[in-house]
Amino acid sequence: MQKTVLALGGDGIGPEILEQGLRVAHHLAERSGITLSVHHDLLHGASWDAHGTFCTKQVLEQARVSDAVLVGAVGGPKWDNIRVPGGAENQDGLMYLRHHLQTYLGLRPARAWAPLMAQTPFRTGLADKADVLILREMCGGAMFASERGQRIANGLRQGYDLTAYDEAEVARFAHGGFQLARARRGRLVSCDKSNVMESYKLWRAVVTEVAQDYPDVAFENMFADNCAYQLMRRPEDFDVVIGCNQLGDILSDLTAVYAGSLGMLPSACLAANPAEGPVFGMYESTAGSAPDIAGRGIANPVGTILSVGMMFHYSFGLPEIAAQLEPAIEAVLTTGILTPDLGGTATSAEMTDAILERLDA
Ligand code: NAD
Ligand code: MN
């Protein structure tokens, strides 16, 4: 079986963690009889510096003919305030790809790791079994506002981003959430701020309608502020949590606290409901480009490595290959081979070496 992957290192630690992720991808490909064809290109800041655009048409076209896109991370102070006319898709290379490839279903799993519990602020017994899937809508909402800008209103500078979702955008996303909940522990919380905002009133109405199709999934609506509070207060009660683009972004960094470091969290952005078989997806660590530690070879590679696992699961249709990763990573964490964010001194390459050795053991 031949699989084509577009590899986009991006900025900051992006190329460093992508390199480690690709080592694991080649290893897993070999053991599953896959011939992996990897094309490298630039994204976001690196693309801006080379081409004056955050994502070239060539990258988009290569993504369209690939089975999956593997991304390092993007962004950095050098590019964060560059203004380009148009929507969010013109301001950010990743958002350009999400928009044009319609990878609307963002999976951000966060779990507790026994060897790392001492790294977390949780007292023993509170979050030891935390295992949550935050689902973030990736293609709409305030972050993709078409009505956006800065203007003078009543003599004052005003910034605005129109939050809008239509029912089709919410419904396709909610169906993905309920299907994924079915494949897990059968529980789903949808979070919104429908107590104050119209866009969320529609969100809640549509998700509640979709829930009727899934009587086997225990479903609850929750206000997002309370949801954030409950996620920290009683982590083990949650299974799947779905939210709009902005809430999903924030809640996924919040649940990284279970894992002991933001660098532990993978993500997948899927272009279709994975219940129907392998789908196109973009895979990247949930975290950003960590400019504070870039260039030193010490970034935690696990988020990217687990993202590679999600690529094998959702885009290559090989969940059993993906499932080999977590036990290997847990064994390495137990031996104390840890990057500095986890309290250790290992480099990204040393931690990846140890994971590859474990996979072979
Ligand atoms: P960040 O996620 O890059 O970093 C937050 C903190 O987590 C930092 O202390 C960082 O050192 C640490 N961290 C993140 N990943 C790590 C890893 N793999 N190993 C060890 N430590 C890690 O967030 P930020 O500093 O707010 O943003 C930096 C840039 O990243 C900004 O330009 C932002 O726009 C961009 N960003 C990109 C993505 C993405 O590529 N998907 C996501 C979020 C932010
Ligand atoms: Mn984020």
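Numbering of ligands and ligand atoms starts at 1, following listing order. Just the heavy atoms: all of them, side chains too, but no hydrogens, waters or symmetry mates, feed the values below.
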Logged contact type for Ile13 with ligand 1, heavy-atom cut-off 4.0 Å, is side chain
Side chains of Arg172 and Gln102: any donor to acceptor distance under 3.5 Å? yes
Atom 5 (C) of ligand 1: of Leu262, Thr304, Asp92, the nearest heavy atom sits on Leu262
message = Any carboxylate oxygen within less than 4.0 angstrom of a Lys/Arg side-chain nitrogen, looking at Asp360 and Arg31?
response = yes
Value for SG (Cys244) from OH (Tyr165), rounded to nearest 0.5 Å, stands at 5.0 Å
Are Lys78 and Asp11 ion-paired here, with the side-chain N under 4.0 Å from a carboxylate O? no
For ligand 1, is there an N or O atom under 3.5 Å from any N or O atom of Gly263?
no
shortest atom 12 (C) of ligand 1-to-protein heavy-atom contact is with Ala290 CB, 4.4 Å
**Request:** Look at the side chain of Arg148 and the backbone N and O of Met143, then say whether any donor-acceptor pair between them is shorter than 3.5 Å.
**Result:** yes
Quiz item: Less than 4.5 Å apart, any side-chain heavy atom of Leu28 and any of Leu359?
Solution: yes
message: Please tell me if atom 3 (O) of ligand 1 is touched by the protein, where touching means a protein heavy-atom distance below 4.0 Å.
response: yes
| query | Is there any N or O on Gly76 that sits under 3.5 Å from an N or O of ligand 1? | reply | yes
Indicate yes or no: does Arg23 engage Asp353 in a salt bridge with an N to O separation below 4.0 Å. yes
In terms of its nearest heavy atom to atom 20 (C) of ligand 1, the top option of Leu265, Asp341, Val74, Leu342 is Asp341
Atom 9 (O) of ligand 1: closest protein heavy atom, distance to 0.1 Å, is Asp292 OD2, 3.0 Å
Task: Polar atom proximity, Glu284 to ligand 1 (N or O, under 3.5 Å) - done: yes
Contact region, Leu94 to ligand 1, non-hydrogen atoms below 4.0 Å, reads side chain
For ligand 1, is there an atom lying under 4.0 Å from some heavy atom of Ser289? yes
Check your understanding: Do the side-chain N and O atoms of Tyr283 and Ser315 include a donor-acceptor pair separated by under 3.5 angstrom?
Key -> yes
When rounded to the nearest 0.5 Å, the distance separating CD1 of Ile305 from CE of Met351 is 7.5 Å
Modelled atom types, side-chain donor and acceptor of Asp41 and Gln58, under 3.5 Å: yes
Atoms listed for the Mn ion (ligand 2) (protein only, N, O or S, under 2.8 Å, no waters) are Asp249 OD1
(Q) Tell me whether atom 18 (N) of ligand 1 lies less than 4.0 Å from at least one protein heavy-atom position. (A) yes
The option among Pro291, Gly93, Gly288, Gly75 carrying the non-hydrogen atom nearest to atom 28 (C) of ligand 1 is Pro291
Is atom 26 (O) of ligand 1 near the protein, in the sense that some protein heavy atom lies at less than 4.0 Å from it?
no
(message) Any nitrogen or oxygen of Asn300 lying under 3.5 Å from a nitrogen or oxygen in ligand 1? Just yes or no.
(response) yes
Using a strict cut-off of less than 4.0 Å between a Lys/Arg side-chain nitrogen and an Asp/Glu carboxylate oxygen, indicate whether Arg98 and Asp92 qualify as a salt bridge.
no
Taking N or O atoms only and a 3.5 Å limit, does Asp80 qualify as a polar contact for ligand 1? yes
Take atom CD of Gln158 as the centre, draw a 6.0 Å sphere, and report whether it contains more than 12 heavy atoms from other residues, nucleotides or ligands. yes
Can you tell me if OH on Tyr160 sees more than 12 non-hydrogen neighbours from other groups inside 6.0 Å? yes
Looking only at protein heavy atoms, what sits closest to atom 21 (N) of ligand 1 is Ile293 CD1, 3.7 Å
Filtering Ala287, Ala299, Gly45 for the heavy atom nearest atom 15 (N) of ligand 1 leaves Ala287
Quiz item: Do Thr286 and Arg136 have side chains that get closer than 4.5 Å, going by heavy atoms?
Solution: no
Exercise. Please lay out, stage by stage, how His175 and Tyr214 fare under the test side-chain hydrogen bond (donor to acceptor under 3.5 Å, both in side chains).
Key: CA-CA 9 Å; His175 278 291; Tyr214 303 89; 2.7 Å; yes
The atoms of ligand 1 lying under 4.0 Å from a heavy atom of Ala73, numbered in the order shown, are 40 (O)
